[in-house]
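What follows is a short report on a single structure.
Residue numbering restarts at 1 for every chain, and letters A, B, ... go by the order of the sequence lines. Bear in mind that the values here come from a model prediction, so they are computed numbers and not experimental data.
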Amino acid sequence: MNEAIIFWFRQDLRLKDNPGLDAAIASGKALIPVYILDDESPSQWRLGQASRWWLHHSLSALNKELKQHYGTELILRRGSAKTLLPKLCDETGADAVFCSRQYEPWAAALEQDLHHLFQYRAISFKRFAGSLLFEPGSILTQAGGPFKVFTAFWRRCRSGPEPALPLGLPKAPQSLRTGLASDTLTDWQLLPDSPNWAAGWETLWQPGAEGAAQRLQQFLNAAIDDYQDARDIPAQVGTSLLSAHLSFGEISPRMVWHATKAKVAQEHSLLEQSNKFLSELAWREFSHHLLHFFPQLPQEPFKAQFAHFPWESNPTALQAWQQGQTGYPMVDAGMRELWQSGYMHNRLRMIVASFLTKHLRLHWRLGERWFWDCLVDANLANNASGWQWVAGSGADASPYFRIFNPTTQGEKFDPQGDYIRRWVPELAGLPNKYLHQPSKAPAKVLEQAGLVLGENYPLPIVEHSSAREQALSAYAVARESFNL
DNA sequence: CAGACCTTGTC
DNA sequence: ACAAGGTCT
């Protein structure tokens, strides 16, 4: 029997540009590709429902590629990785386990545990970088610490060497190990059962490396032309829509980086637009570095001043927000897009988060948790840093007193109301003039639109200017008590 | 240590 | 005009 090596797929569900997989194959040992559904190690941050839908389809796609290119199948196991990986080594005689690194605190701790455990058993356990452009620790201030400000971080990223060119598809392994027991994807019940909350998502998303590559090509062929402006208009396809693909590692950030650079080399006029896009990719890096250096980021405010902020408790308001029934059309459209599609446009993420944390003064962690469950691109680093950024408690955050006006935001970024009409169809009959504030519409206009406020669309659950004043004074109180 | 600088807004 | 203060060189 040949020596065998396990490649443990994690958040790197791809064959191309996967350095750990490359190295595993290059070892010449019989390759055993494994995925473990581990709901124990992450504890409270195990995959949410929408991510599980995505995972199902992504694993199915990966399995297909493994079969097609290498004639082998993905071995699926469910349980704690710390238990299952050593067991798999016993079962197969594998003397090496390779994987890509992850940056969540629980994942880093798991990697440490495995390191010790395998060292003791004389099994070679190797982690490879592959999910980021720049490893945490490689981008530091002159004082040697982590950056807390994005712009300086990004400047430093660009001053060093470019990320390496991506690797291609690894050649076929010299040998494979077949006949191993595997769960089936159906066993795992990752898809929602009836009622099928994810109905129709297949038409919106194509999880897997192929879908990721197509999205990237579409973006580089079209939306990148006007990225800086169009990225803010949710009724348009103005963004790359790559977030979930990146989160599951179906495409690597350096594949995105270099494909973008190659496009600009062909079309120099895209330079400015593409730099904006690359800087968004760098925000993903920044978030991961922050999480690495501040592992409490998903739980604790980054700025200590917010530790005793007087958050409200209001289950009714929370539910109205979750269900897209706040009476603010733009907020409701965003929340319904999330529920119905597993995704929310970036502009809306800011608007609804500002509304939750400022107008309702509910804790950002409630929003973080809801997003975690509902987003197909849920990612611990991005989600935590995004919520803290809007709440004002984060690194390089939007100041607390910067309170989005949900009406103005709607008028500015959805002037024709296409986005609102798509997700809040009961408002579709309102003329644009009143679409963003139905409660200001004259009775006759409401009647013509078939609207009875409080019945088929809610009245605003809070009044904007008084909510704004209350938020500012809560902030003043918190700041004062902290300064004492 | 001084000085430049700081993703996304509102009234 | 306003809102506050921290980060980084």
For a quick check of understanding: with a heavy-atom distance under 4.0 Å over all strands, which category does [X] fall into, base, sugar-phosphate or nothing?
X	value
A:Phe404	sugar-phosphate
A:Arg156	sugar-phosphate
A:Phe147	sugar-phosphate
A:Gln409	sugar-phosphate
A:Asp396	sugar-phosphate
A:Ile403	sugar-phosphate
A:Arg347	base

Nearest-angstrom distance, P atom, C:dA3 to B:dA4 = 22 Å

Distance between P atoms of C:dA4 and B:dC11 (Å, rounded) = 16 Å

Please determine, for C:dA4, whether a Watson-Crick or G-U wobble partner exists with both distances under 3.5 Å, and give it or none.
-> none

Return the nearest nucleotide to the side chain of [X]; candidates are [options].
X	options	value
A:Met350	B:dT8, C:dC8, B:dT10	B:dT8
A:Arg402	C:dA3, B:dT8, B:dT10	B:dT8
A:Lys148	C:dT9, B:dT10, C:dT7	C:dT7
A:Ala152	C:dC8, B:dC11, B:dT8	C:dC8

Separation of [N] [atom2] from [X] [atom1] (nearest whole Å):
X	N	atom1	atom2	result
A:Phe401	C:dA1	CZ	C1'	12 Å
A:Phe413	B:dT10	CZ	C1'	12 Å
A:Lys303	C:dT7	NZ	C1'	11 Å
A:Glu411	B:dC11	CD	C1'	14 Å
A:Phe306	C:dA4	CZ	P	12 Å
A:Leu348	B:dT8	CG	P	18 Å
A:Asn405	B:dT10	CG	P	6 Å
A:Trp154	B:dC6	CH2	C1'	17 Å

So, is [X] close to the [N] phosphate, meaning a side-chain N or O under 4.0 Å from OP1 or OP2?
X	N	answer
A:Arg468	B:dG9	no
A:Lys412	B:dT8	no
A:His464	B:dC11	yes

Could you tell me the separation between the CD atom of A:Gln305 and the CZ atom of A:Arg479, rounded to the nearest 0.5 Å?
-> 9.5 Å

So CD of A:Gln325 and CD of A:Gln319: to nearest 0.5 Å the spacing works out to 9.5 Å

Counting the benzene-type ring for Trp, do [X] and [Y] have ring centres under 6.0 Å apart?
X	Y	answer
A:Phe413	A:Tyr419	no
A:Phe306	A:Trp364	no
A:Trp154	A:Phe286	no

Distance-only polar pair, side chains of A:Arg349 and A:Asn383, donor-acceptor under 3.5 Å |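 There is no such pair between these side chains.
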
